[in-house]
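This is a predicted model, so every value here is computed, not measured. Order of appearance sets the numbers: ligands from 1, and atoms from 1 within every ligand. Throughout, residue positions are numbered sequentially from 1 according to the sequence presented. Values reported hereafter were calculated over all heavy atoms of this structure, with side chains retained and with hydrogens, waters and symmetry mates removed.
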Amino acid sequence: MVEKINQLMAEVKAFDSKNPAEIEEFRIKVLGKKGELNRLMEEFKAVPAEQKREMGQKINQLKNLAQERIATLKAEAEAGAADAASLIGDMTRPGSAEQLGSRHPISLVRNQICDIFSRLGYTIADGPEIEDDWHVFSSLNFPMEHPARDMQDTFFIEKNSDEPNQKDVLLRTHTSSIQVRTMEHQRPPIRVVCPGRVFRNEAISYRAHCIFHQVEGLYIDKGVSFADLKQSILYFAKEMFGENATIRMRPSYFPFTEPSAEVDVSCNLCGGKGCNVCKGTGWLEIMGCGMVDPNVLKASGIDPEEYSGFAFGMGVERIAMLKYGVKDLRLYFENDVRFLRQFDSAL
Ligand code: PHE
């Protein structure tokens with residue numbers, strides 16, 4: 001009898017199934033009315049009295065083991081079935097659409113600006129965000145006392161005012177620094193656009209932020225004239241704002257260009273008639289530009305007698321605001337998905 005019990009114990013331990021019907025069959029075989037356990041109980045009656053205690057304990061052990069094993073297997077089978085059901089689910093249920101991400105409006109507009117200029121033969125240049133005074137200011141003909149060098153506008157990382165100014169380490173305030181780096185390493189003809197993040201110490205408001213994005217451009221070759229500049233910008237404006245866009249140039253000042261101009265594009269919301277976006281003028285300012293100052297060419301080792309060029313620079317946020325009618329610049333930085341989703345289908 002002991003042998004029989006041990007054999008059954010081993011059988012219970014070894015039994016494994018995920019199939020509820022199989023588990024039930026096994027339960028009936030062991031624990032059922034006409035099962036093995038009841039048969040043992042019958043035999044137990046004939047066990048000599050002095051062995052009853054030991055044998056009874058064994059039978060009880062077997063019973064507990066069988067009950068536990070079967071309960072565990074049943075629970076596992078049920079959980080498995082639930083998993084399978086949730087995997088397959090209701091086959092008649094309508095499919096759920098995949099949520100696709102969207103590009104950030106600033107990336108969309110930056111890419112579009114770069115695409116337009118690449119069609120004119122420009123390549124894309126990159127440079128570091130942490131810069132030195134030379135590449136951001138000195139080489140670009142900024143006089144020593146220029147207010148843009150002031151702590152108010154520039155985030156200085158290391159200010160070594162006792163040393164020659166070139167040693168200052170700062171966050172670039174414009175991507176013109178990339179143009180300087182390009183001129184250092186490349187000989188004309190040069191035709192590059194320089195997209196990137198720039199940093200200025202400004203109070204954050206609906207129209208200003210301490211971080212924003214620029215795309216600047218540089219074209220240097222023999223015989224480049226202001227007419228080339230104007231035509232390139234007009235082409236850009238029409239590609240960006242539509243065939244009917246026109247531009248006007250207002251004289252301006254930048255240390256690194258001479259002559260310099262500010263470019264306005266005809267307001268694409270009112271068609272130039274005047275509205276609250278263009279403040280009734282019919283024009284929207286989009287960029288600064290000008291002919292590269294001979295001093296800047298010289299600083300990068302390019303002979304201004306032989307070569308001339310133009311440069312331009314625009315704020316990506318500003319162009320995106322005009323293109324999409326966004327009134328508050330801070331929306332670009334908050335990453336509210338309700339705002340970002342609106343650009344799902346853009347481009
Ligand atoms: N660097 C200027 C700025 O940050 C823009 C500019 C670039 C103007 C090139 C003229 C020529 O505002």
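Surrounding NZ of K238 are more than 12 heavy atoms belonging to other residues, nucleotides or ligands, all under 6.0 Å away.
A distance of 9.5 Å separates NZ of K323 from CG of L108, quoted to the nearest 0.5 Å.
The side-chain heavy atoms of I113 and P195, taken from C-beta on, include no pair separated by under 4.5 Å. Side chains of V296 and M183 form a contact here, defined as non-hydrogen atoms less than 4.5 Å apart. Side chains of I106 and R197 form no contact here, defined as non-hydrogen atoms less than 4.5 Å apart.
Residue-level contacts of ligand 1 at the 4.0 Å heavy-atom threshold are H174, S176, R200, Q214, E216, F254, F256, T257, G288, C289, A311, F312, G313.
The pair E306-K222 meets the salt-bridge criterion, since a charged nitrogen lies less than 4.0 angstrom from a carboxylate oxygen.
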